[in-house]
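Every value quoted in this text rests on a predicted model; they were computed, and no experiment measured them.
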Amino acid sequence: MATTAASSLQIATARPCISSSRRLFKAGASILGCNSKAVSWNKLTSACHISSVQPFQRSFTSSSIKFDKVVTKAMSEATENKPISGLPIDLRGKRAFIAGVADDNGYGWAIAKSLAAAGAEILLGTWVPALNIFESSLRRGKFDESRVLPDGSLMEITKVYPLDAVFDNLEDVPEDIKANKRYAGSSKWTVQEVAESVKNDFGSIDILVHSLANGPEVTKPLLETSRNGYLAAISASSYSYISLLKHFIPIMNPGGSSISLTYIASERIIPGYGGGMSSAKAALESDTRVLAFEAGRKHKVRVNTISAGPLRSRAAKAIGFIDMMIDYSIVNAPLQKELSADEVGNTAAFLASPLASAITGAVIYVDNGLNAMGVGVDSPIFKDLDIPTDKH
């Protein structure tokens with residue numbers, strides 16, 4: 001079941017991605033802080049989410065703007081034993097498994113960095129066909145610049161596992177996939193097998209992140225979507241989360257946190273986000289609430305999802321109108337700035353931390369407030385209203 005690269009606006013590769021073993025990174029505790037250093041557009045990374053509540057009937061002109069960037073600051077080794085002022089996000093001693101990282105350009109990578117900055121040990125799951133390229137890029141230092149943490153150290157990845165979250169176990173894998181040369185050389189990459197491998201290697205985890213989705217017919221309107229295309233979107237983007245949690249929760253420590261990524265198309269009409277992907281995101285959010293109850297009662301594990309705004313990523317660019325949606329968000333959202341992947345990553349670090357110990361079953365919006373808007377204020381209808389605007 002080959003995956004389409006241009007899966008969706010919030011589609012982080014169709015399958016979970018995995019890579020090679022890495023040294024254990026020991027980061028100190030971290031705190032949330034503000035960095036007023038200007039960030040240019042070309043420094044922003046990631047996103048496969050498009051977020052907006054209006055049709056795309058306008059043309060926009062991209063413009064460079066500056067904004068304050070919130071970062072998670074890791075404490076250095078020399079200061080890790082000193083008292084920390086404020087409320088710390090301290091994930092030292094915690095282990096995280098992030099499914100769906102195949103490059104340094106998406107939400108999964110940003111989440112891994114924020115968790116690492118807070119002291120967590122990082123394990124990755126990478127889609128099997130992307131594994132060799134990902135590992136090679138890591139070895140050659142291609143990602144070194146984007147591995148830099150706030151304290152100047154590099155994020156270390158303890159181990160990368162090959163993963164295809166569309167298949168629960170080896171019996172589910174069709175013969176054509178088993179014989180596919182892109183899967184040659186890899187083994188134990190189904191969800192059940194990866195969970196067993198992590199258990200054998202490390203015993204347990206504390207944080208599980210689902211950062212993957214795929215809609216092979218995402219560019220098709222819903223009325224033109226085939227049954228197979230629709231079910232494929234649900235399988236890769238929604239049920240894969242249920243499967244991951246089902247197989248990993250037995251090795252999750254009590255008090256653990258599970259996080260997924262969703263998109264506002266689950267509740268608003270986003271033309272162009274088709275192929276059943278809006279239905280898949282709606283299912284993911286509904287499942288988050290049910291899983292929060294079941295995982296909370298049975299395992300004392302919290303389950304939440306982050307609904308992120310438009311961000312630039314390879315998958316989103318393949319759809320064709322991510323730049324337009326970013327412009328739309330900047331013009332119409334309460335906070336007129338481009339969303340950074342780090343802001344999504346920092347939210348995930350908070351949700352994984354004890355500071356969010358009473359938050360579960362929630363959809364957390366990280367979109368500069370665009371989800372709260374009922375109209376597009378850039379409409380000519382509102383030209384005579386005195387609406388505050390950040391001129392850039």
Side-chain angles (χ1 to χ4, degrees), residues 3 5 11-27 42-48 71-72 74 91 94-165 181-189 193-194 197-198 200-202 205 207-212 244 261 311-315 317 340-342 344-345 348-349:
T3 312
I11 289 189
T13 8
R15 308 278 200 310
C17 314
I18 293 20
S19 160
S20 68
S21 303
R22 278 308 203 251
R23 302 184 307 280
L24 171 61
F25 165 58
K26 183 178 181 183
N42 61 3
K43 294 293 288 184
L44 298 175
T45 57
S46 172
C48 313
V71 300
T72 301
L91 298 177
K94 305 298 183 180
R95 182 177 296 114
F97 182 87
I98 301 103
V101 180
D103 55 39
D104 62 344
N105 178 248
Y107 281 129
W109 181 271
I111 290 172
K113 281 186 67 177
S114 289
L115 295 177
E121 178 181 6
I122 304 300
L123 311 177
L124 300 182
T126 302
W127 185 41
V128 184
L131 180 61
N132 289 337
I133 294 177
F134 183 61
E135 290 184 318
S136 175
S137 296
L138 278 173
R139 285 193 302 268
R140 292 179 324 188
K142 183 178 179 181
F143 300 149
D144 282 0
E145 182 178 352
S146 58
R147 287 173 58 206
V148 178
L149 298 175
D151 69 348
S153 64
L154 295 182
M155 174 179 68
E156 293 294 345
I157 300 169
T158 301
K159 188 166 185 177
V160 183
Y161 293 85
L163 171 65
D164 192 328
K181 63 181 181 179
R182 295 196 297 172
Y183 286 74
S186 295
S187 62
K188 298 182 178 180
W189 42 259
E193 291 173 310
V194 173
S197 294
V198 172
N200 292 334
D201 292 340
F202 301 97
I205 64 170
I207 302 162
L208 177 65
V209 178
H210 177 275
S211 178
L212 57 100
L244 276 172
L261 291 168
L311 286 164
R312 303 179 198 277
S313 70
R314 292 181 180 87
K317 288 179 180 178
S340 165
D342 291 344
V344 175

side-chain contact (heavy atoms from CB on, under 4.5 Å) evaluation trace for V198 with I205: CA-CA 8 Å; V198 172; I205 64 170; 3.8 Å; yes
side-chain contact (heavy atoms from CB on, under 4.5 Å) evaluation trace for I98 with L123: CA-CA 6 Å; I98 301 103; L123 311 177; over 6 Å; no
Chi angles and distances behind the side-chain contact (heavy atoms from CB on, under 4.5 Å) call for V344, L261: CA-CA 9 Å; V344 175; L261 291 168; 4.1 Å; yes
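For the side-chain contact (heavy atoms from CB on, under 4.5 Å) test, no residue two or more places apart in sequence or in another chain qualifies with S187. Residues satisfying the side chain to side chain donor-acceptor pair (under 3.5 Å) test with D201, not counting sequence neighbours, are K159, Y161.
Put simply, the side chain of L212 reaches to within 4.5 Å of the side chain of H210, judged on heavy atoms. Under the 4.5 Å side-chain criterion, counting only non-hydrogen atoms from C-beta, L124 is not in contact with F97. At least one side-chain heavy atom of L115 sits less than 4.5 Å from a side-chain heavy atom of L91.
Pairing each heavy atom of D342 with each of S114, the nearest pair is O-OG, 4.1 Å. Here the shortest heavy-atom pairing between A116 and M155 reads CB-CG, 3.8 Å. Closest heavy-atom contact between R95 and F202: NH1-O, 3.4 Å. The two residues K113 and S146 come nearest to each other via the heavy atoms NZ-O, 2.9 Å. In plain terms, the two heavy atoms of V194 and P162 that are nearest each other are CG2-O, 3.3 Å.
With hydrogens and angles ignored, the 3.5 Å screen pairs no side-chain donor or acceptor of S136 with any backbone N or O of N132. Distance alone, capped at 3.5 Å, places no donor-acceptor pair between the R147 side chain and the L154 backbone. At least one donor-acceptor pair under 3.5 Å links the side chain of S137 to the backbone N or O of I133.
Between the CG atom in N200 and the CD atom in E193 there is a gap of 11.5 Å [rounded to 0.5 Å]. Distance OG/S197 to CG/L163: 10.5 Å, rounded to 0.5 Å. In this structure, the separation between CD on E156 and CG on L138 is 10.0 Å, given to the nearest 0.5 Å.
Between W109 and F134, the ring planes are perpendicular. Angles over 60° get that label, and only those under 30° would be called parallel.
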